[in-house]
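These notes concern the structure reproduced below.
Keep in mind that this is a model prediction, so the values were computed, not measured.
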Amino acid sequence: MNPTKRISTLAMAVALGVTVPLAGCAGVGEPEDLGTSQQADTYIPSFTMPASGYYSVVFYTGQYGSGDSFGWNAVGAGLSIAKAKMSGDGTNPRTVSSFYICNNVGSDHVFHTNLYSDFNYVTFWKGYPVTVKNGACHLINAGVGSTFELGSMKLFY
Amino acid sequence: MSKPTTSTARRLGLTLAAAIAVALPVREARADYWVPTEGDYTLNICSGNLGSGICASAGNLPLDEGFEWTDFTELPQSDSPTGTFNDATNSYVVCNSTDGELTVNVYVYRTINLKNEFQHDTLVLEPQGCEFVNLTETDASSIEITP
């Protein structure tokens, strides 16, 4: 598959709230690149349970799920994701404080999330193996009342 | 050492009172779920899905103790936002503000005094983490949590 076309197709799908697993490109321990375009970040105003067979991951600027949010609300079960160059202004990393994962994949699951302060998965900030019940959401107040700079992230299914 | 002044003593008294207030579990009705203060956990049961709507909240819960809410009609209604909490219960939220992982068991009952259990969940809460769980039935009347 043409890489340029692949990212473009995926970015469009995510912008529409649907993530399309690509055959042969994704799997456990092999994150799917969500691209670097800010258009791929979907604004999600509140906790929303994705459709059956999907999970979601959403970041907030404020603690405990307050403030502005962005994320991906329809990631297919079995799909790991990676997002580089997370920037609101195209230059600096995103300033965030908390994030949640909602699980509707059909069973309880542990999602391994790594957060990095740089754009390219080098400067590790925090990592969470988040256990989420099926049909539930788990919110992490990662900044413990403060904000942090989020430049990239990987979520291993 | 200088003798404490009246204002100093008053401040110390207020500090002690504040410490006691923090240590004691409290219950309130809220327009949304209650996030915890440092070093404890909270239990919220809410009228909407995933912690939305009106919530009955128990906070300042010490880590070495469970908590039982045996009758939701005991809510201080004067503090409640518009609407009656008991109209429906659709979800609960548990938050952990400690620096360590917290495993809790939550039991939800149809009737008061912890009778007729219809849901039991074991939750593993990350440090500074909250879990939002929808109920399988909408007529819960009591709940208990055990760390």
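Taking each heavy atom of B:S97 and A:Y64 in turn, the nearest pair found is CB-OH, 4.1 Å. Taking all atoms of both residues into account, the shortest heavy-atom contact from A:T131 to B:E131 is O-OE1, 3.6 Å. What you find for B:L50 and A:C137 is that their closest heavy atoms are CD1-SG, 3.8 Å.
Separating the CD atom in B:E126 from the CG atom in A:N141 is a distance of 12.5 Å, to the nearest 0.5 Å.
Considering only heavy-atom pairs separated by less than 4.5 Å from chain A, the leading option among B:V94, B:V93, B:V133, B:L125 is B:L125. Interface check for chain A: of the options B:G51, B:C130, B:G129, the most heavy-atom pairs under 4.5 Å are formed by B:C130. Most heavy-atom pairs under 4.5 Å with chain B: of the set A:C102, A:A142, A:P129, this distinction falls to A:P129.
Atom NZ of A:K126 has more than 12 heavy atoms from other residues, nucleotides or ligands within 6.0 Å.
Under the 4.5 Å side-chain heavy-atom criterion for Ile, Leu, Val, Met, Phe, Trp and Tyr, A:W125 and A:F70 are members of the same hydrophobic cluster. Side-chain heavy atoms closer than 4.5 Å link hydrophobic residues (I, L, V, M, F, W, Y) into clusters, and following such links, even through other members, never connects B:Y92 to B:V124. With hydrophobic clusters built from ILVMFWY side chains whose heavy atoms lie under 4.5 angstrom apart, A:V105 shares a cluster with A:W72. When hydrophobic clusters are built by joining Ile, Leu, Val, Met, Phe, Trp and Tyr residues whose side-chain heavy atoms come closer than 4.5 Å, directly or via intermediates, A:F124 is not grouped with A:F99. Criterion: ILVMFWY side-chain heavy atoms under 4.5 Å apart, direct or through other members. Under it, A:F119 and A:M153 are not part of a common hydrophobic cluster.
Interface residue B:T122: only backbone heavy atoms are found under 4.5 Å from chain A.
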Inset, instruction - Under the side-chain contact (heavy atoms from CB on, under 4.5 Å) rule, what do A:M49 and B:N49 come out as? Steps first, then yes or no, please. - result: CA-CA 9 Å; A:M49 185 60 64; B:N49 286 327; over 6 Å; no
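Counting only heavy atoms from C-beta outward, the side chains of B:D121 and A:K133 approach each other to under 4.5 Å.
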